[in-house]
Number of protein chains: 2
Amino acid sequence: MDITSAAQSVRFSTMVQKLKACGQRMTPQRLTVLRILAESSEHLSAEQVYARVQPEYPMTSLATIYNTLTLLRDMGEVIEIDMGHDGCRYDGLHPFPHPHVICLQCNIITDAANLPALDDMASQVQQSTGFQIINHRLDFFGICPECQARQNQP
Amino acid sequence: MDITSAAQSVRFSTMVQKLKACGQRMTPQRLTVLRILAESSEHLSAEQVYARVQPEYPMTSLATIYNTLTLLRDMGEVIEIDMGHDGCRYDGLHPFPHPHVICLQCNIITDAANLPALDDMASQVQQSTGFQIINHRLDFFGICPECQARQNQP
DNA sequence: TTTACTGCAAACGATTTGCAGTCCC
DNA sequence: GGGACTGCAAATCGTTTGCAGTAAA
């Protein structure tokens, strides 16, 4: 088992534990969603999660996917990345605020290395505005290497 | 004329110029929207802009408000702040990326002082991901001073 | 057995769109 | 006069909800 799949396995167990601890029931649909979230380092949409659940539980409905995603989001086990006019993407592997890099052309989302300066910024903002800062989002928008290459040789 | 209203006046003229330069027509509805955007340092929703246009041009439709906001956004004369489940807010006074502080309780949006470190972050991310960075958004979420006070003495 | 969870389909709500009429330029 | 802009209402689309049936505990 390599480092990546170990991390995925940990995430899966953590999510299961967290749900159980909150008295939530474990259904096969939920377990499948949890596994898919823990397995994929991409940032899936609800529809994409739905598509991946289908082969295993074809009767699963989209509403259930949303239920589970909302549940996990509210427990802090999944990060919701709002793409505005293009719905939301979900990150179950790194369920804490971290910067994303989003391609304006193909909409791919990549994780950026965590920038320690952000914490300083938060306390700076807290001081200057009087807000009690709880959370943040930092997203960079641009063109991914693949789309850049595609532009240069169409 | 104080500094604030001077800045507002400049923003209004700039937006008018920009639209004209792009061959856009100036209608009373549009001018009203431009003025409202240039006047208000709050971060209005489309519906709020609509409400403020009503007294002057009661026949104006919401679709026209959206038209104008989208036009300005695409020209880079207005910043769109995506609130996810709560629609969008628009900032016509500071039409460049800058950090916002958003209250999770009353949804008020405040501008945070610009953080120069952000530019360093952008080039850092550009280097490590290969993305060509064009834009960014940095939003802090928390509780505003008013809501904090309200919690302590209900 | 209990009641939380599920599937289905209808509802929702912010935004967009189609179209006929209007009015800037 | 011509074509961009407007108002209206209907359409869109991701997400939520109501409800009756199902199954986890």
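Lettering of chains follows the sequences in order, A, B, ..., and the numbering in each one begins at 1. Because the structure is a prediction, the values reported are computed rather than measured.
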A:His136: partners by ring pair (Phe, Tyr, Trp, His ring centres under 6.0 Å), with sequence neighbours left out: none
Search all heavy atoms of B:Val78 against all heavy atoms of B:Tyr90 and return the closest pair with its distance. CG1-CD2, 3.7 Å
Looking at A:Glu56 and A:Arg35, what are the two nearest heavy atoms and their distance? OE1-NH2, 2.7 Å
Please lay out, stage by stage, how B:His43 and B:His100 fare under the test side-chain contact (heavy atoms from CB on, under 4.5 Å). CA-CA 10 Å; B:His43 301 73; B:His100 291 107; 3.6 Å; yes
Which residue pairs pass the salt bridge (Lys or Arg N to Asp or Glu O under 4.0 Å) test when at least one of the two sits in residues 93-122 of chain A, sequence neighbours left out? none
Taking only heavy atoms on the protein side, list every residue of residues 77-91 of chain A lying under 4.0 Å from any atom of DNA chain C, sorted numerically. none
Base versus backbone protein contacts along nucleotides 4-10 of chain C [heavy-atom cut-off under 4.0 Å; B, S, -]: BSSBB--
To the nearest Å, how far apart are A:Asn107 CG and D:dG14 P? 12 Å
Does B:Thr70 make a side-chain N or O approach to OP1 or OP2 of C:dT16 shorter than 4.0 Å? yes
With a cutoff of under 4.5 Å between side-chain heavy atoms, which Ile, Leu, Val, Met, Phe, Trp and Tyr residues group with B:Ile133? A:Val101, A:Ile108, A:Leu115, A:Leu118, A:Met121, A:Val125, A:Phe131, A:Ile133, A:Leu138, A:Phe140, B:Val101, B:Ile108, B:Leu115, B:Leu118, B:Met121, B:Val125, B:Phe131, B:Leu138, B:Phe140
Under 4.0 Å between a side-chain N/O of B:Tyr66 and OP1 or OP2 of C:dT16, yes or no? no
Applying side chain to side chain contact (heavy atoms under 4.5 Å, CB included) between A:Leu37 and each of A:Arg11, A:Met15, A:Glu77, report the one that passes. A:Met15
Let me know the distance between CG of A:Leu69 and C1' of D:dT15, rounded to the nearest Å. 11 Å
Is the backbone of A:Ile143 close enough, under 3.5 Å, to the side chain of A:Gln148 for a donor and an acceptor to pair up by distance? yes
Angle between the two end axes of the helix from C:dT1-D:dA25 to C:dC25-D:dG1, five base pairs per end, rounded to 10 degrees? 40°
Measure the distance from CG on B:Leu34 to P on D:dC5 and round it to the nearest whole Å. 13 Å
Nearest atoms (heavy-atom pairs only) where A:Phe12 meets A:Leu31: CE1-O, 3.7 Å
Distance alone, cut at 3.5 Å: any donor-acceptor contact between the side chains of B:His98 and B:Asn114? no
A:Arg73 has an atom CZ; how far is it from atom C1' of D:dT16, in whole Å? 11 Å
Using only atom types and a distance under 3.5 Å, with no angle test, would you say the side chain of B:Gln48 pairs donor to acceptor with the backbone of B:Arg89? no
